[in-house]
Amino acid sequence: MCGIIGYIGGQPALEVALAGLRRLEYRGYDSAGVAVVVDGGLHTLRRAGKLANLEKALAESATSPRGTVGIGHTRWATHGGPTDTNAHPHTDCTGAIAVIHNGIIENFASLRAGLERDGHELASETDTEIVAHLLEDELAAVSAPDGTAGAGAAEGAETAGASRLTEAFRRVCRRLEGAFTLVVVHRDHPDVVVGARRNSPLVVGVGADETFLASDVAAFIAHTRSAVEIGQDQIVEARRDGVTITDFAGNPVEGRPYHVDWDASAAEKGGHPYFMLKEISEQPTALADTLRGRLSNDAEIVLDEERLSAQDFRDVDKVFIVACGTAYHAGLIAKYAIEHWTRLPCEVEMASEFRYRDPVLDRSTLVVAISQSGETLDTLMAVKHAREQKARVLAICNTNGSTIPRESDAVLYTRCGPEVGVASTKTFLGQVAACLLVGLYLAQVRGVLYGDEVARYVEKLQAMPALVRQTLATIEPMRALARTLADARAVLFLGRHVGYPVALEGALKLKELAYMHAEGFPAGELKHGPIALVEEGLPVVVVVPSPRGRSHLHSKIVSNIQEVRARGARTIVIAEEGDTVVEPYAEHLIRVPATPTLFAPLVTTLPLQVFACELALARGLDVDQPRNLAKSVTVE
Ligand code: M6R
């Protein structure tokens with residue numbers, strides 16, 4: 001949830017950290033802070049609120065720290081409100097150590113009590129601050145004459161000091177429970193920045209005579225595209241000339257180097273006032289890139305990292321999809337396709353509930369974990385649980401090098417590029433497309449569909465980016481309509497079949513962006529209770545299935561539209577071109593191109609994204625950084 005950057009090199013660390021935090025602010029924006037090591041001292045500044053508050057405070061401060069070693073943090077509050085005092089970095093009693101943290105230290109209360117008993121004074125309400133104080137104690141212990149300084153003891157004074165810091169930090173990490181990425185600087189050890197991770201992301205950026213530690217490559221992409229993955233329960237000691245990685249026991253570990261294949265401009269707004277608008281407009285490309293090259297010459301779907309054989313997929317007798325939020329909605333759509341194409345039972349489950357209800361899993365279960373970030377802790381824990389139960393796990397992910405793909409047996413990457421706006425848009429389309437590919441792949445390896453049938457579906461899928469482009473080009477009426485509804489109190493969304501998850505997604509977008517009460521329902525369920533919500537003037541958005549695909553569903557939803565109209569609702573109808581039957585019942589009719597039934601969400605979702613975005617803007621809200629949210633949710 002929080003954004004973290006650490007830097008050691010030849011540039012002013014403050015500027016590098018602030019530029020990195022600007023790119024990481026989507027991860028959390030309750031408060032921000034920096035610490036820079038300068039001439040044997042530690043210069044720390046923290047401010048509640050967005051990064052701009054910190055930048056203002058820095059601009060007004062008499063001294064601007066010029067050191068080349070530092071850390072920066074942008075926070076999404078968990079323990080303690082978003083105040084200056086709770087903002088990171090946190091320091092120890094001596095003011096020598098500064099720590100930044102992403103995650104939750106679950107045993108912090110007992111550790112804090114112990115520290116306070118020993119005379120430490122903690123200033124904040126955070127779980128993070130204990131790390132600085134624990135490190136203070138452990139450092140004193142390893143530096144004591146009888147302490148174990150580790151390998152560095154026999155080396156030069158500075159190296160030995162850095163090794164002692166790393167060893168002390170290792171000892172601290174071993175005492176922590178929960179999820180954490182931690183990055184630490186010490187005023188007396190200006191030659192290193194030390195980081196650690198457990199169940200929370202940390203990547204290294206390797207530049208020329210400079211090294212970065214960050215929660216996400218976006219933080220350093222302007223400086224280097226060479227990255228190294230830090231694995232679970234590992235410590236990284238970063239120096240100007242490289243890194244040393246060890247596990248929490250001190251054993252050396254090889255990091256996995258990789259090249260970041262997008263550049264800084266991909267994360268810029270590209271002329272749009274908001275990332276969300278840019279990302280909505282990028283959907284045709286995101287979809288095309290996700291589909292590109294996925295069909296081999298033998299008409300086989302190609303996965304990216306496959307540690308499963310075709311036989312493993314043939315052995316599958318049940319599919320579970322686990323995901324959260326928007327990714328969960330993509331999973332709901334996948335269920336229709338997977339069951340239809342493969343005849344395998346497919347259950348879709350919110351990842352946060354999955355492991356707590358003891359699902360029935362075994363070697364023949366395929367668990368598909370969908371996550372844009374690849375770091376969502378609820379989903380990661382569901383993946384771990386599934387693997388413990390011997391199920392096979394296939395990840396669908398947008399972030400190369402992230403944790404969920406690493407913890408899975410196989411991966412299919414959505415190639416949507418960086419998504420900075422907190423609301424998922426282009427990655428939803430990528431996830432739906434990837435799910436459809438997985439369904440086709442399963443159908444093919446299991447012999448339910450022939451290669452030429454799969455190829456025909458893929459061909460139709462490959463025509464979808466053009467239809468997405470066409471939909472976006474004609475979406476202005478939806479924008480104009482949304483602007484007139486800024487004062488609405490609530491909005492309902494109805495759908496049937498694959499239109500139902502689209503309705504849920506439309507409601508989620510409106511809730512998170514416009515802070516409005518919004519609910520999505522299967523249109524047939526309305527009469528079982530929710531219809532009581534319908535009152536004069538209530539906007540009701542209806543996602544209408546194609547009359548060509550499932551004509552009985554089409555006529556049923558037309559009846560549902562009439563039911564809400566009869567009770568005074570303002571009907572906003574999303575229907576395919578040429579569907580004239582709905583015309584008399586639609587107060588506002590938004591057209592989308594005709595598509596195969598299972599591919600319809602790739603176009604019907606778009607007006608709902610635009611609706612939520614425009615309505616939120618009309619209410620004067622920040623659509624890139626809605627309140628209380630963060631892009632990457634690394635706490636349970
Ligand atoms: O990174 P993930 O796809 O795992 O994130 C899951 C949800 O937090 C995410 O889809 C969230 O619901 C959307 N950003 C909302 O627009």
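Counting starts at 1 for both ligands and their atoms, following the listed order.
Every atom of ligand 1 is numbered from 1 in the order shown, and the set under 4.0 Å from a heavy atom of S371 is 1 (O), 2 (P), 3 (O), 4 (O). Annotation for ligand 1: atoms under 4.0 Å from non-hydrogen atoms of Q372 are 1 (O), 2 (P), 3 (O), 4 (O). Of all atoms in ligand 1, listed by their number and element, those nearer than 4.0 Å to a heavy atom of E512 are 15 (C), 16 (O). Close approach to A327 involves these atoms of ligand 1, each under 4.0 Å from a residue heavy atom: 3 (O), 10 (O).
Between D622 atom CG and Y274 atom OH the span is 5.5 Å, to the nearest 0.5 Å. For the atom pair CZ (F108) and OG1 (T128), the distance works out to 9.5 Å, reported to the nearest 0.5 Å. The CD atom of Q234 sits 9.5 Å away from the CD atom of E229 when rounded to the nearest 0.5 Å. One finds the NE2 atom of H385 at 4.0 Å from the CD atom of Q389 (value rounded to the nearest 0.5 Å). In this structure, CD on Q372 lies 7.0 Å from OG1 on T414, to the nearest 0.5 angstrom.
In terms of polar-atom proximity, V422 is counted as a contact of ligand 1, with an N or O under 3.5 Å from an N or O of the ligand.
Taking a cutoff of 4.0 Å between a charged side-chain nitrogen and a carboxylate oxygen, E339 and K335 qualify as a salt bridge. Between K509 and E512, at least one side-chain nitrogen of the basic residue sits less than 4.0 Å from a carboxylate oxygen of the acidic one, meeting the salt-bridge criterion.
Geometrically, R627 engages Y515 in a cation-pi contact defined by less than 6.0 Å to the ring centre and at most 45° from the axis.
Residue E375 places no heavy atom under 4.0 Å from ligand 1.
Here the shortest heavy-atom pairing between A503 and L494 reads CB-C, 3.7 Å.
The protein non-hydrogen atom at the shortest distance from atom 6 (C) of ligand 1 is C324 O, 3.4 Å. At the top of the distance list for atom 13 (C) of ligand 1, counting protein heavy atoms only, stands S424 OG, 3.2 Å. Among protein heavy atoms, atom 8 (O) of ligand 1 sits closest to V633 CG2, 4.1 Å. In terms of protein heavy atoms, atom 4 (O) of ligand 1 is closest to T376 OG1, 2.4 Å. Ranking the protein heavy atoms by distance from atom 10 (O) of ligand 1 puts T326 N, 3.2 Å first. At the top of the distance list for atom 1 (O) of ligand 1, counting protein heavy atoms only, stands S373 OG, 2.6 Å.
Of all the heavy atoms of T427, none lies under 4.0 Å from any atom of ligand 1, so neither backbone nor side chain is involved.
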